[in-house]
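Since the structure comes first, as structure tokens, the remarks are kept for the end.
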Amino acid sequence: MKKTVLKEYARLIVRAGMNVQKGQDVVIRAGLDQPAFVELVVEQCYKAGAREVTVQFEHQPLSKLHNRYQSVEQLGTVKEWEKARQQYYCDTLPCTLFLTSADPDGLKGMDMAKVAQAQELRYPILKPYSEARENRQQWCIAAVPGAAWAKKVFPGLRTGAAMEKLWEAILSAARVEGDAVRAWADHDADLKARCAYLNSLGICQLHYTAANGTDLTVGMMAEGRFCGGRDTSLQGISFAPNIPTEECFISPKRGLAEGIVYATMPLSYQGSIIDKFWIRFREGRAVESGAEQGAELLKTMLSMDEGAAYLGECALVPQDSPIARGGLLFYNTLFDENASCHLAMGRGYADTIQGFQEKSLEECRALGLNDSMIHVDFMIGCDTMDIDAVRADGSVVPIFRQGNWAF
Ligand code: ZN
Ligand code: ZN
């Protein structure tokens with residue numbers, strides 16, 4: 001890929017994604033796949049006025065080794081220096097960037113029960129730190145190609161050609177053409193207008209139906225609102241949490257989901273694939289599930305904690321979104337969730353609650369916002385999906401017809 005184009009992509013991530021402020025620190029997590037691109041991003045951060053940019057490189061084979069040779073107690077221990085680092089992040093509120101490039105199957109064979117146990121031990125200790133930072137720091141997830149990921153998406157091509165193809169797909173989804181920062185602003189305005197219309201309706205329930213058997217009703221909080229595109233931190237700094245993004249999303253009310261939903265794309269969860277699966281809900285809770293592939297992993301996921309069996313997000317994405325039209329299965333949620341309507345199991349987003357700035361997280365949860373250590377998106381959209389909005393007065397407004405916006 002041409003360096004000028006990659007430079008523009010790095011600029012988009014730093015300016016429109018994280019929106020790095022003068023004097024702010026930046027923490028980047030990245031795989032080992034694209035060190036030259038990480039350099040470009042770091043340079044753009046400093047050009048934007050960053051005080052210090054820290055890069056934490058990750059490598060899936062190392063994660064597997066740690067998982068195999070360390071005890072659960074060791075994996076689950078949060079060391080004093082980690083706490084100190086978390087506290088430092090609470091004090092300094094750096095922007096964070098996650099540059100995903102991992103192999104969707106890269107953690108295959110890892111002992112997932114061990115991962116879950118370690119996470120259960122770590123989560124309560126780390127939670128107060130992450131809650132202290134919630135909505136107070138800018139964050140962004142974007143992608144760069146990794147060799148194994150590219151081969152998974154383009155199995156018929158040699159590695160080099162597959163990498164180039166994946167770059168093209170990533171950059172096209174992120175609208176990197178000419179002035180990418182400007183294009184992003186226009187796209188953001190579109191999403192904001194959709195959300196404004198949805199929020200004007202006063203939606204109590206969304207009712208999903210599709211030819212595959214999906215028939216699901218999900219209840220909303222009266223204070224809930226659809227969000228899309230750029231987000232704004234409590235300090236008033238705007239940022240784009242996901243590049244790309246095509247969704248208008250809302251966090252539903254815990255306890256109000258009835259019916260069955262069929263996934264329409266495979267889900268890559270903790271480095272393994274769950275495919276051709278369904279979940280049945282009663283009183284908001286996932287009470288039954290099945291899958292042709294990864295049924296056990298799906299059950300593990302849904303029982304990670306109490307909130308893992310409840311919904312945290314309903315997102316609307318038309319089948320004619322650019323990523324959907326590209327027709328490519330990325331095996332990566334950042335992209336696949338923007339090609340399809342999706343739901344998420346687990347944690348809801350407090351910033352989808354009206355006036356969340358004045359509310360504590362406890363108050364948001366009392367309104368019905370779900371809480372969990374997980375937030376896992378899975379795709380449910382298809383060409384036959386209809387979605388109706390039921391309003392407070394009982395009237396029904398079509399939102400989606402045949403997989404696309406009905407308005
Ligand atoms: Zn989403
Ligand atoms: Zn999500």
Side-chain angles (χ1 to χ4, degrees), residues 17 96 98 100 104 130 134-135 139-143 173-174 187-188 190-192 194-195 198-199 203 206 208 216 218 220-221 224-231 239-254 257 261 263-270 274 277 279 281 284 286 298 301-302 304-305 307-319 321-324 329-353 356 364 369-382 385 387 399-400 403 405:
T96 62
F98 177 47
T100 169
S130 61
E134 182 149 342
N135 300 315
W139 56 278
C140 178
I141 306 176
H187 173 51
D188 181 59
D190 277 357
L191 287 171
K192 291 278 186 296
R194 295 261 174 216
C195 292
L198 290 166
N199 291 331
I203 299 172
L206 290 176
Y208 298 82
L216 179 72
V218 184
M220 299 296 142
M221 294 178 267
R225 54 168 198 156
F226 280 89
C227 298
R230 281 170 159 253
D231 208 334
F239 63 101
N242 286 179
I243 295 178
T245 185
E246 302 289 337
E247 60 175 352
C248 295
F249 65 99
I250 190 166
S251 287
K253 184 164 179 165
R254 184 182 159 116
V261 67
T264 50
M265 282 193 221
L267 164 65
S268 172
Y269 176 64
Q270 299 200 326
I274 304 171
F277 63 100
I279 303 174
F281 292 88
L298 177 59
M301 182 187 107
L302 294 173
M304 286 296 283
D305 59 13
Y310 290 85
L311 291 170
E313 177 189 351
C314 296
L316 305 177
V317 182
Q319 293 291 110
S321 85
I323 301 175
L329 183 59
F330 283 84
Y331 299 95
N332 182 309
T333 300
L334 179 63
F335 294 88
D336 294 333
E337 76 160 356
N338 283 304
S340 170
C341 283
H342 55 274
L343 301 173
M345 300 307 305
R347 190 170 56 253
Y349 292 119
D351 57 3
T352 65
I353 291 177
F356 76 95
C364 293
L369 184 74
N370 190 35
D371 184 26
S372 170
M373 70 171 83
I374 70 162
H375 174 101
V376 182
D377 296 289
F378 62 101
M379 306 331 136
I380 61 164
C382 58
M385 174 152 278
I387 305 173
I399 298 295
F400 261 60
W405 292 113

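We count ligands from 1, going down the list as the structure has it; atoms in each ligand are counted the same way. All values derive from a computational prediction rather than experimental measurement.
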Check your understanding: Which is the closest N/O/S atom of H375 when seen from the Zn ion (ligand 2)?
Key ->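 Looking at H375, the N, O or S atom with the least distance to the Zn ion (ligand 2) is NE2.
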Exercise for review: Write the atom name of the N, O or S atom in D377 that is nearest the Zn ion (ligand 2).
Suggested key: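 So the atom name we want here is OD1.
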Measure the [atom1]-[atom2] distance between [X] and [Y] for me, rounded to the nearest 0.5 Å.
X	Y	atom1	atom2	result
L298	F277	CG	CZ	6.5 Å
F378	E313	CZ	CD	10.5 Å
M379	L329	CE	CG	9.0 Å

Review point. Vertex the Zn ion (ligand 1): angle to OE2 of E313 and NE2 of H342, to 10°?
Key: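 The angle at the Zn ion (ligand 1) comes to 100°, rounded to the nearest 10°.
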Exercise for review: Confirm or rule out an N/O/S atom of E247, from backbone or side chain, lying less than 2.8 Å from the Zn ion (ligand 1).
Suggested key: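 Here the distance criterion (N, O or S atom, under 2.8 Å) is met by E247, so yes.
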**Study point:** Donor-acceptor contact below 3.5 Å, side chain S340 vs main chain H342
**Key:**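 Checked: no pair found.
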